[in-house]
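Here is the structure we will look at, set down as structure tokens.
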Amino acid sequence: MNLQSILSQHIIKAVSESYAATLENIEFQATRKDFEGDITVVVFSMLRTVKGNPVQIGETIGEYLVANVAEVSKYNVVKGFLNLVLSDAYYLDFFTSIQNFNSYGKVPATTEAIMVEYASPNTNKPLHLGHVRNVLLGYSVAEILKAAGKKVYKTQIINDRGIHICKSMLAWKRYGNEETPQTSGLKGDKLVGNYYVKFDKEYKKEINTLVENGFTEKDAKAKAPILLEAQKMLQKWEAGDPDVVALWKKMNGWVYEGFDATYENIGVDFDKNYYESDTYLLGKDFIQSGLEKGVFEKDADGSVWCDLTDEGLDRKIVLRSDGTAVYMTQDIGTAIQRVKDFPDINGMIYTVGNEQDYHFKVLFLILKKLGFSWAENLYHLSYGMVDLPSGKMKSREGTVVDADDLISDMAATAKEISEELGKIDDFSAEEKTQLYKTIGLGALKYYILKVDPKKRILFNPEESVDFQGNTGPFIQYTYARIQSILRKAASASGYTESVEIRNLTLEPKEKELLKILQQFPDVIQLAAGNYSPALVANYTYDLVKEFNSFYQNVPIFGAENPAEISFRISLCDAVGSVINTAFSLLGIQVPDKM
RNA sequence: GGUCGCAUAGCUCAGCUGGAUAGAGCACCUGCCUUCUAAGCAGGCGGUCCCAGGUUCGAAUCCUGGUGCGAUCACCA
């Protein structure tokens, strides 16, 4: 039983004995720094059932707890707050109870499975900063869910077909001179992206010409020859035209090579890929059964709709009058397909930007109406857009922050700072490169993940990402310091693992550290429940901040006796392990030296 | 116009189911490297928690209304 429930029982007993009142539940909170104590009982909230002066009630309970609960060593009452001081033995017992620092906080996997979709790139352009946030968030949430005991399948849906890729294909055919990644030395996704931009340029030229010749802007946009040709290409693709399909395969292949490189660079992976070219026809079969169940209705022209006006939403089309599928149809089909592919999953998480909030609201509602039991466990992990000081990122206009460039820029900054500090001069060139990447990526990932997912991020490339204060490198640095201590401990003779620590007197900073360590399992569960890596990031920062204060103010190897030394080293070890675990949940690596 | 989201220090962000004097980092200012890594530590400066009502012992947090910013409301994806 945990401490709070033990305390609750005694408090209820104390109150019923002294005041003849029965408390339902007791409210606890961490004691504020400015008061003495470790945990605080809020007496105010008892006043509804217990009549009396809050200070007096607090005193009564406090006295009772000190007398009857071994863990409570002292108490004080401030206004309606009863602050309890817990014994050092309580914290030391907790520390002893952590068997394995490396697995501390995590829960063993259960059979409860869930799928996390965390990327949905189009194959006509390279990945940019917006994709980076998407991928980092989803990957981290997947890792957090695993740590919280879920079985997780990671997936992405690749939008490999449609008018966008035809635009790149057409431009390449016209202007490409058979250029390939090999002949140009360009990364495949970059090469294809260039032709998407090229298409847009030509398209705009044609629009201007048409407008000069008296077309309205709207007509010009719809009638530009290059666009008509792209549309024709899409029709050919859908008809299975061998030449078009061959070109499509070739160019998509280039893009996948590029994506793979970027994903590897970022350090994320997927258990299963879904391709829109496989799924875009799915879902139509379920329209019929939905019609029979009365979930959908057919209009006179043959189009099929779902009426959601009762739920405060609009009517939503699910099948065109010509019988073809829309995006919604496809998403219905894909969801069902995924449950067929992975029969043990009982829910899905879609990591998609908040511009699609409405779409997912409707999708989930329709799936529920269709009667799928797992539809109750669908969650749209909606995140805010990443904007630049200049406004929105637009691929066509080239105002995007490219993912690969961003990562190498961060590593370059890490290199600059590292060289200036000159602490790793003994590293080999390869070790240095690896370290710069670890730090650069750590800075980037932490910067993005520490922010609440639903808030939008303003990214300023000029000011770039910090390496001091509440940042990834700061936390990595602390980890490296700890490793340095552990190396020294391993080579020294005085440090033995099995030492009796129960009778030690804790320094305030040691106690604070133990308190924070104690929260870790709860933080993982909370982060899993809220799908929020930010909670893990902020927790890690609090831990590290406290550790650094301990490190700089309490001697470790210079402690008074061997038991103290041994305990402090062990405490460092535990903090290091928790940093490592927490960062792995964020997809961030930690260096042994920096 | 309807719907959804956001608004906290100059800037970037925390603030758990309502709790004590609203916290960090950056920036600015002051100290601390002959000791376990100064990417650090100790401290200072800095607030109309968007506004107005309401709920109650108590509101940054919950409710209502408003303002501002963003998104969305296609037989597009």
Side-chain angles (χ1 to χ4, degrees), chain A residues 27 29-35 40 42-45 47-48 54 78-81 83 120 122 159 161-164 276 280 299 301-305 312-314 316-328 330-331 353-359 361-362 382 384-385 387 392 414 417-418 420-421 423-424 439 443 447 450-452 454-458 460 463 466-478 480-489 519 522-523 526 530 534-535 537-538 541-542 544-545 548-558 568-569 572 593-594:
Chain A
E27 201 178 321
Q29 65 188 61
T31 305
R32 286 183 68 100
K33 277 259 162 70
D34 352 302
F35 300 97
T40 294
V42 183
V43 182
F44 279 125
S45 63
L47 295 177
R48 287 196 181 80
V78 180
K79 292 194 263 182
F81 300 94
N83 303 318
S120 43
N122 290 351
N159 296 315
R161 50 138 247 136
I163 191 69
H164 51 271
E276 208 195 24
Y280 82 109
D299 275 9
D301 63 1
S303 57
V304 179
W305 299 75
L313 304 174
D314 300 322
K316 188 80 194 172
I317 191 158
V318 293
L319 204 62
R320 293 194 185 97
S321 54
D322 63 3
T324 56
V326 292
Y327 187 41
M328 188 61 73
Q330 184 190 144
D331 269 7
N354 63 10
E355 58 203 348
Q356 296 200 38
D357 284 355
Y358 184 75
H359 173 76
K361 202 184 247 183
V362 172
S382 164
M385 295 289 101
D387 293 326
K392 280 188 95 160
I417 296 173
S418 293
E420 202 175 312
L421 295 171
K423 294 184 195 176
I424 52 156
I439 296 173
Y447 178 83
K450 76 171 177 184
V451 181
D452 185 338
K454 64 174 178 273
K455 294 195 175 167
R456 65 189 209 113
I457 291 182
L458 192 76
N460 190 336
E463 292 173 16
D466 242 313
F467 285 66
Q468 281 171 356
N470 187 359
T471 67
F474 166 65
I475 292 166
Q476 290 172 320
Y477 172 70
T478 304
R481 271 174 154 182
I482 290 172
Q483 298 320 300
S484 174
I485 291 169
L486 297 180
R487 278 192 296 271
K488 181 169 175 179
Q519 297 164 10
D522 294 339
V523 169
L526 195 66
N530 290 289
L535 296 176
N538 286 315
Y541 177 65
D542 288 341
V544 162
K545 189 114 178 67
N548 275 316
S549 177
F550 161 78
Y551 174 90
Q552 213 110 7
N553 292 291
V554 180
I556 294 168
F557 292 102
R568 285 177 191 168
I569 290 168
C572 290
K593 201 177 162 191
M594 71 184 268

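So that the names make sense, note that chain A is the first sequence line, chain B the second, and so on, each numbered from 1. These numbers were taken from a predicted model, which means no experiment stands behind them.
- Here A:Ser484 does not reach the OP1 or OP2 of B:rC36: none of its side-chain N or O atoms lies under 4.0 Å away.
- Side-chain atoms of A:Asn83 and base atoms of B:rA20 include a donor and an acceptor less than 3.5 Å apart.
- Between B:rA38, B:rG19, B:rG25, one nucleotide has an atom nearer to the side chain of A:Tyr477 than all others, and that is B:rA38.
- Judged by distance alone, the side chains of A:Asn159 and A:His164 never bring a donor and an acceptor atom under 3.5 Å apart.
- Listed pair A:Arg481 / B:rA38 meets the phosphate criterion, a side-chain N or O lying under 4.0 Å from OP1 or OP2.
- Across all strands, A:Leu47 comes closer than 4.0 Å to no nucleic acid atom at all (heavy-atom distances).
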Could you walk me through whether A:Tyr358 and A:Asp314 pass side chain to side chain contact (heavy atoms under 4.5 Å, CB included), step by step? CA-CA 10 Å; A:Tyr358 184 75; A:Asp314 300 322; 3.5 Å; yes
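- No engagement by A:Met385 is indicated, since no non-hydrogen atom pair under 4.0 Å with the nucleic acid exists.
- Counting only N and O atoms by type, the side chains of A:Asp466 and A:Thr471 include no donor and acceptor under 3.5 Å apart.
- Taking the side chain of A:Gln29 as heavy atoms from C-beta on, and the options B:rA77, B:rA20, B:rA71, the nearest nucleotide is B:rA20.
- Contact annotation: A:Arg320 side-chain N/O to B:rC76 OP1/OP2 distance is under 4.0 Å.
- The aromatic ring of A:Phe81 is stacked on the base of B:rA20, with the two ring centres less than 5.5 Å apart and the planes inclined by under 30°.
- Contacts of A:Tyr541 with the nucleic acid, taken as non-hydrogen atoms under 4.0 Å apart, involve only primed sugar atoms and P, OP1 or OP2.
- Atom-to-atom distance recorded for A:Phe474:CZ and A:Asn548:CG is 4.5 Å, nearest 0.5 angstrom.
- Phosphate contact (OP1/OP2 of B:rA14, side-chain N/O of A:Lys455, threshold under 4.0 Å): present.
- A syn base is found at B:rC33: its glycosidic angle is within 90° of 0.
- Among the atoms of the strands shown, none is found under 4.0 Å from any heavy atom of A:Asp542.
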Let's go through A:His359 and A:Asp331 carefully: what are the C-alpha distance in whole Å and the side-chain angles of both, what is the deciding distance for side chain to side chain contact (heavy atoms under 4.5 Å, CB included) to 0.1 Å, and is it a yes or a no? CA-CA 10 Å; A:His359 173 76; A:Asp331 269 7; 2.8 Å; yes
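- Heavy atoms of A:Gln330 sit nowhere under 4.0 angstrom from any nucleic acid atom.
- Between B:rU72, B:rG19, B:rA42, one nucleotide has an atom nearer to the side chain of A:Tyr358 than all others, and that is B:rU72.
- Between A:Phe81 and A:Phe44, the ring planes are perpendicular. Angles over 60° get that label, and only those under 30° would be called parallel.
- Remark: P of B:rC13 and CG of A:Asn460 are 11 Å apart, rounded to the nearest angstrom.
- The listed nucleotides are B:rG19, B:rC36, B:rU12; the one nearest the side chain of A:Leu458 is B:rU12.
- The shortest distance between the side-chain N/O atoms of A:Lys361 and the OP1/OP2 oxygens of B:rU3 is not below 4.0 Å.
- Contact annotation: A:Lys454 side-chain N/O to B:rC6 OP1/OP2 distance is under 4.0 Å.
- Checking the phosphate oxygens (OP1, OP2) of B:rA42, a side-chain nitrogen or oxygen of A:Ser549 falls inside 4.0 Å.
- As judged by a 4.0 angstrom heavy-atom cut-off over every strand, A:Arg32 is placed among the base-contacting residues.
- Note on A:Asn553: only backbone sugar-phosphate atoms sit closer than 4.0 angstrom, heavy atoms only; bases stay farther off.
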